[in-house]
Amino acid sequence: MPTCTTCHTKWSWKQTFKKSFTLDTGMTCPHCGEKQYLTSKSRKRNSFTVFIIPLILLVSLVFDISVVLRIVLIFSAAIVMFVTYPFFIELSEKEEPLW
Ligand SMILES: [Zn+2]
């Protein structure tokens, strides 16, 4: 779970999850109100998860998996991604360039 770099308080899963869905690049710490940004490392890691669903589609085409099973696989992958997302977040006090 991410820890605020200003007040060193650990964010809860719910807080992190809620903060992740803002259009703003920065997330305000629920404890001290300071702006926190995702580190470039965690942003890069998160962008890889986007490829998981096309990968499942590809695998299901190769192995001729039924449509129902394909949908179940995609849904469970999406749920796992949502649930585990806050665990992979690292915070930084300034915005880092992606590359
Ligand atoms: Zn804080």
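Note that ligands are numbered from 1 as they come in the structure, with each ligand's atoms numbered from 1 the same way.
Note on F63 and I56: same hydrophobic cluster, where clusters join Ile, Leu, Val, Met, Phe, Trp and Tyr whose side-chain heavy atoms are under 4.5 Å apart, directly or indirectly.
A side-chain donor from one of T6 and Q36 sits under 3.5 Å from a side-chain acceptor of the other. With no hydrogens or angles considered, a side-chain donor-acceptor pair links E96 and S40 at under 3.5 Å.
At distances below 3.5 Å, at least one donor-acceptor pair connects side-chain atoms of W13 with backbone N or O atoms of V83.
The distance from the Zn ion (ligand 1) to the nearest N/O/S atom of H31 is not under 2.8 Å. Not a single N/O/S atom of H8, whether from backbone or side chain, sits less than 2.8 Å from the Zn ion (ligand 1).
Here the Zn ion (ligand 1) is the vertex; the SG atom in C29 and the SG atom in C7 give an angle of 110° (to 10°).
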